[in-house]
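Only this structure's heavy atoms are used, side chains among them; waters, hydrogens and symmetry mates stay out. Fair warning: this is a prediction, and the values are worked out from it, not measured in the lab. Just follow the structure's listing: the first ligand is 1, and inside any ligand the first atom is 1.
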Amino acid sequence: MGTIAKRKVMPKSRAGAGAHEHDVRDLGLAAAGKKRIEWADRQMPVLRRIRERFSKEQPLKGQRLGACLHITCETANLLRALKAGGAEVFCCASNPLSTQDDVAAALVAEFGIPTYAIHNEDRDTYYSHLRAVLDRHPTITMDDGADLVSLLHTEYKDSAEEVFASMEETTTGVIRLRAMEKDHALKIPVVAVNDAQTKHLFDNRYGTGQSTLDGIIRATGVLIAGSIVVVGGYGYCGRGIASRARGLGADVIVTEVDPIRALEAAMDGFRVMKMIDAAKVGDIFVTATGDKHVLAAQHFTAMKDGAILCNSGHFDVEIDMAYLTDAAKSVDHDVNKNVDAYHLTNGRTLYVLGQGRLVNLACAEGHPAQVMDMSFATQALASEWVAKGEQLPAKVHNVPLEIENDVAAVKLAAMGIKIDTLTAQQKKYLESWESGT
Ligand SMILES: NC(=O)c1ccc[n+]([C@@H]2O[C@H](COP(=O)([O-])OP(=O)(O)OC[C@H]3O[C@@H](n4cnc5c(N)ncnc54)[C@H](O)[C@@H]3O)[C@@H](O)[C@H]2O)c1
């Protein structure tokens with residue numbers, strides 16, 4: 001285990017400590033962004049309820065909360081809730097292509113949240129935005145992919161002790177953090193929000209499932225019915241993508257490296273095979289593994305002319321874009337919005353969506369608000385938990401089960417669904433081992 005973070009102290013305000021107030025594309029977009037944020041808010045009843053309670057109880061008062069998340073309407077509503085809870089909130093993007101510029105503008109101009117995010121920013125700007133957030137000395141950080149935490153362990157080592165907890169939103173981030181914990185390198189406590197059931201069971205499956213198909217359709221307009229869709233990885237995201245593609249009439253092939261997941265896919269009724277075999281027949285390829293080079297040189301060569309390639313995993317490493325760029329005879333960018341054509345030396349053309357970055361965010365608007373309601377309600381309540389509780393040791397922590405149950409119960413109530421409760425007799429029966437046949 002890494003060092004135990006310092007005892008929690010209430011932070012002094014360091015608002016704007018030498019940092020710029022924002023870096024967004026165009027503040028003139030703010031009114032449009034506000035409208036869309038409020039539209040999403042209508043579909044986020046759990047988070048709204050938390051925001052209302054937070055504004056009365058101020059559980060985050062005095063905290064400086066630095067968030068590195070996809071800058072979308074739904075994220076804006078999370079940030080509003082955290083601000084309502086008394087925190088000084090500032091944010092940057094967790095992916096250069098996922099920022100919605102109108103939302104970034106509205107966060108600054110309408111909601112007073114310093115924001116550093118520009119759609120399609122280059123790598124240097126992306127990192128300067130992460131630094132802008134850390135230069136404001138957060139006491140709590142929020143990541144989607146562990147980029148802030150990573151900087152806090154390298155370039156910003158000296159600031160790490162000011163951060164008494166961090167939250168992690170996605171599978172890839174949690175994997176990185178668990179690896180740090182295993183190497184005794186993790187210096188701050190991190191809450192694995194992704195691992196809460198109220199997050200990955202719904203967001204990764206239904207959210208990524210629907211929005212990935214949405215991204216493919218928006219970018220290409222292709223008819224899914226009758227297409228052969230190859231899904232790389234049958235985890236939470238992969239299951240959602242495969243089931244939604246099948247729902248639209250695709251013939252779905254799954255590739256896996258884990259025998260249990262591969263078996264599950266087969267029993268769910270999907271064809272399962274090696275990627276090299278799928279490469280020869282697929283029309284549309286989607287990766288969602290968290291792994292690198294799931295689509296690589298040998299696959300590109302085997303693919304049919306006109307194959308469409310995209311990725312829904314966190315980093316843009318699942319498709320070996322460096323090789324493809326090198327190997328291509330020529331590349332035509334934006335043959336349709338967000339579609340690049342790679343002309344290979346074998347005479348075939350492959351189409352890559354959203355530069356191999358998260359297709360649901362690069363080519364569509366990310367997850368529907370209804371599902372982000374649960375993920376972000378879990379984020380908000382986990383922030384309250386770390387702010388109000390004892391200082392946690394520097395390791396990866398799970399979200400307490402009470403928070404998950406609370407989020408699920410409020411979501412059910414908002415959907416008008418009532419469920420049974422255990423009678424005293426049933427509870428006793430389920431807890432006893434004596435009674436059998
Ligand atoms: N697009 C989004 O909005 C979004 C949302 C949530 C998570 N994610 C990201 O999607 C990725 C997957 O998340 P998840 O929750 O489904 O993870 P998961 O761990 O549940 O599933 C990943 C699956 O991929 C398989 N896999 C690994 N390497 C493979 C390979 N080379 N070929 C085939 N299969 C392979 C694993 O065996 C596993 O079953 C992560 O990077 C995560 O951060 C994206």
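Closest to atom 4 (C) of ligand 1, if we only count protein heavy atoms, is Thr208 OG1, 3.6 Å. The nearest heavy-atom contact from the protein to atom 21 (O) of ligand 1 is Gly235 CA, 3.1 Å. For atom 9 (C) of ligand 1, the closest non-hydrogen atom of the protein is His314 N, 3.6 Å. In this structure, the protein non-hydrogen atom closest to atom 30 (C) of ligand 1 is Val257 CG1, 3.6 Å. Nearest to atom 13 (O) of ligand 1 among the protein's heavy atoms is Thr171 OG1, 3.4 Å. Nearest non-hydrogen protein atom to atom 44 (C) of ligand 1 is Ser312 O, 3.2 Å. Nearest to atom 22 (C) of ligand 1 among the protein's heavy atoms is Thr289 O, 3.5 Å.
Looking at Arg36 and Glu74, no side-chain N of the basic residue comes within less than 4.0 Å of a carboxylate O on the acidic one, giving no salt bridge. With respect to Glu168 and Arg176, no salt bridge is recorded, no charged nitrogen being found less than 4.0 Å from a carboxylate O. Ion pairing between a basic and an acidic side chain is recognised when a charged N comes within 4.0 Å of a carboxylate O; Arg178 and Asp195 show such pairing. Asp268 has no carboxylate O lying under 4.0 Å from a charged side-chain N of Arg239, or vice versa, which leaves the two without a salt bridge. Ionic pairing of Glu162 and Arg64 is not present here: no N-O contact between side-chain nitrogen and carboxylate oxygen is shorter than 4.0 angstrom. A salt bridge does not link Arg42 with Glu38: none of the charged nitrogens is closer than 4.0 Å to a carboxylate oxygen.
Atoms of ligand 1 lying under 4.0 Å from any heavy atom of Gly290, numbered from 1 in the order shown and given with element: 11 (C), 40 (C), 41 (O). The Gly313 neighbourhood of ligand 1 comprises atoms 9 (C), 10 (O), 11 (C), 41 (O), with distances under 4.0 Å to a heavy atom of that residue. For ligand 1 and Ala288, the ligand atoms under 4.0 Å from any heavy atom of the residue are 12 (C), 22 (C). Taking every heavy atom of Tyr236 and a limit of under 4.0 angstrom, the matching atoms of ligand 1 come to 15 (O), 16 (O), 20 (O). Residue-ligand proximity, Thr170 to ligand 1, at heavy-atom distances under 4.0 Å covers atoms 6 (C), 7 (C), 8 (N), 9 (C), 42 (C), 43 (O). Close contacts between ligand 1 and Asn204 involve ligand atoms 6 (C), 7 (C), 15 (O) [criterion: under 4.0 Å to a heavy atom].
Looking at Cys237 against ligand 1, both its backbone and its side chain come within 4.0 Å, counting heavy atoms. Contacts of Asp291 with ligand 1, taken as heavy-atom pairs under 4.0 Å, involve the side chain alone. Residue contacts with ligand 1, taken as heavy atom pairs separated by less than 4.0 Å, involve Glu256 via backbone and side-chain atoms alike. Under 4.0 angstrom from ligand 1, the non-hydrogen atoms of Asn360 all belong to its side chain. Both the backbone and the side chain of Thr172 come within contact range of ligand 1, each with a heavy atom under 4.0 Å. At a heavy-atom distance under 4.0 Å, only side-chain atoms of Leu358, from C-beta outward, approach ligand 1.
Checking Arg261, His293, His367, His200 against atom 20 (O) of ligand 1, the nearest heavy atom belongs to Arg261.
Residue contacts with ligand 1: Asp203 is placed with no nitrogen or oxygen under 3.5 Å of a nitrogen or oxygen of the ligand (distance criterion only).
Defined by atom type and a distance below 3.5 Å, a donor-acceptor pair is present between the side-chain atoms of Asp122 and Thr125. Judged purely by distance below 3.5 Å, without hydrogens or angles, the side chains of His70 and Asn95 never pair a donor atom with an acceptor atom. In summary, the side chains of Thr198 and Thr378 do present a donor paired with an acceptor at a separation below 3.5 Å, with no hydrogens or angles considered.
Crowding of Ile419 atom CD1: a count of heavy atoms from other residues, nucleotides or ligands under 6.0 Å not exceeding 12.
Residue pairs meeting the ring-ring contact (aromatic ring centres under 6.0 Å, His included) criterion with at least one partner in residues 259-312, sequence neighbours excluded, are Tyr234-Phe270.
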Taking distance alone, no hydrogens or angles, what donor-acceptor pairs closer than 3.5 Å link side-chain atoms of residues 271-280 to residues at least two apart or in another chain?
| residue | atom | partner | partner atom | Å |
| --- | --- | --- | --- | --- |
| Arg271 | NH2 | Asp251 | OD2 | 2.7 |
| Asp277 | OD1 | Lys280 | NZ | 3.4 |

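Considering CZ of Phe202 and CE of Met372, their distance stands at 13.5 Å, rounded to 0.5 Å.
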